[in-house]
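The shown structure was predicted, so the numbers you read here are calculated from the model rather than taken from an experiment. Because only heavy atoms are used, hydrogens play no part in the values below, and waters and symmetry mates are left out as well, while side chains stay in. Just follow the structure's listing: the first ligand is 1, and inside any ligand the first atom is 1.
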Amino acid sequence: MNPVWIISKKRDGGELTDNEIGEFVDGYVAGEIADYQMSAIAMAIYLRGMTPRETAALTDCMLASGVRLAWDEGCSPLVDKHSTGGIGDKVSLVLAPMLACCDLQVPMISGRGLGATGGTLDKLESIRGFRTDLSLDAMRKVVVSVGCVITGATADLVPADRKLYALRDVTATVPSIPLIAASIMSKKLAEGLDALVLDVKFGSGAFMKTVESARELAQSMVETGRRMGVPATALLTDMNQPLGRLVGNAVEVDESVAALEGNGPPDLMEVTVALGVELLISTGRAETAEKAREQLQKTIDTGAAREKFAKMVAAQGGDLDAPRTVAVGSEVLASRPGFVAAIDAELLGQAVIGMRGGRQQLDDALDHSTGFEMLVRLGDRVDANQPLAHVFADNLFAEEGRERLAAAIQIADERPTVGPLILERVG
Ligand code: URA
């Protein structure tokens with residue numbers, strides 16, 4: 001089939017057949033369809049959208065471009081959580097071992113920072129010796145022996161996404177709901193899952209700034225999961241301020257370990273447990289949300305989840321007990337009295353990047369010791385000169401970091417209305 005006909009059909013708002021989508025994706029991966037033709041159809045999809053059937057077909061073709069993890073018959077259910085990314089989002093580090101203690105297996109393939117949001121792999125690499133480049137075989141072994149793994153994607157997992165994402169990045173076609181849904185779902189379904197939960201964030205520190213766009217993405221991914229036979233549910237969660245108190249790399253590992261020891265901040269625990277409840281229910285491991293919550297809490301209270309995390313870290317070559325350096329702290333003070341009225345969480349993420357805790361260029365080396373601690377939350381009353389945050393950075397970057405934090409935290413006379421952390425469930 002002539003790729004030009006397929007491009008023009010989508011350009012004119014037509015619905016592509018499964019065959020047409022398959023030929024395009026296969027041809028692109030094989031190098032028979034040129035980048036400029038893929039760019040053209042990506043833009044046509046961006047402008048015209050895709051039906052749920054087309055999105056599922058695209059996901060299926062992308063998934064088929066690489067290997068899919070296979071697991072033994074009769075083993076414990078395989079589950080995973082995907083977050084669209086946020087500031088201070090360390091849920092994966094806490095949730096994966098908790099789920100593994102509930103007789104679930106978690107083959108979590110994670111990523112690095114995207115935009116202003118931090119990456120799970122970057123955080124884990126602040127643990128001495130921790131490896132995030134496991135082969136599929138090594139990854140499978142860790143899942144079977146420990147129950148959970150958190151590692152990076154290998155080249156043979158969804159090569160179509162690797163190639164297409166790089167192209168979207170330079171053709172202004174990243175923010176397309178069907179392209180995002182197919183990209184995320186193909187990578188998650190390659191893990192060979194029995195159930196998936198999605199944390200779709202909205203707000204100033206999220207990829208999706210509005211509730212409406214987050215809801216649309218959640219619906220598209222949940223529907224794609226359903227069409228592809230993998231039960232998926234989603235929670236829409238608020239990202240108008242950091243999750244937890246600590247943001248950075250080493251400091252987020254520290255906060256995750258504290259959470260596994262029963263000292264997690266309430267917002268982090270609320271989101272972590274709610275996502276875990278979804279998976280315990282959808283795999284039939286718990287009959288009610290109440291029972292699921294009890295099971296998850298028990299993994300913390302008994303110390304089992306903390307121990308599981310240490311085992312996973314050791315199986316991936318890391319030493320959780322080795323000290324993690326945190327740069328010296330300095331305070332950001334309130335310029336006036338009032339209420340914390342708004343937080344530009346994206347600017348907070350950029351502050352961490354500025355302190356070398358995230359990347360400005362693809363091959364930048366990170367300084368895992370930098371970051372900050374939020375001392376206030378939206379709606380808090382503050383006095384003039386009250387500390388709002390601690391910035392952890394060497395002198396060279398600390399002042400710029402403090403300036404960005406001060407600019408990101410808005411103080412006003414009126415107490416703002418703060419919405420719920422978990423807005424709704426899509427499933
Ligand atoms: N994250 C992904 O994995 N893919 C996208 O397209 C956007 C965000």
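- Scanning the protein for heavy atoms near atom 3 (O) of ligand 1, the closest one is Lys187 NZ, 2.5 Å.
- Annotation: side chain of Leu236 is not in contact with side chain of Ile422 (no heavy-atom distance under 4.5 Å).
- Remark: minimum distance from atom 4 (N) of ligand 1 to any protein heavy atom is reached at Ser183 OG, 2.6 Å.
- For the pair Ser135/Thr154, no side-chain contact is recorded, criterion being any heavy-atom separation below 4.5 Å from C-beta on.
- The side-chain contact (heavy atoms from CB on, under 4.5 Å) test with Leu280 singles out one residue from Thr288, Leu104, Val197, and that residue is Leu104.
- Scanning all protein heavy atoms for the shortest distance to atom 8 (C) of ligand 1 gives Leu114 CD2, 3.8 Å.
- Counting only non-hydrogen atoms, the option in Lys188, Met185, Arg168 that gets closest to atom 6 (O) of ligand 1 is Arg168.
- For the ligand labelled ligand 1, residue Val174 lies outside the 4.0 Å heavy-atom shell.
- Those atoms of ligand 1 with a heavy atom of Tyr165 less than 4.0 angstrom away are 4 (N), 5 (C), 6 (O), 7 (C).
- Checked for salt-bridge contact, Arg68 and Glu191 miss the test: no charged N lies under 4.0 Å from a carboxylate O.
- No option in Ile411, Leu405, Leu375 other than Ile411 meets the side-chain contact (heavy atoms from CB on, under 4.5 Å) test with Leu388.
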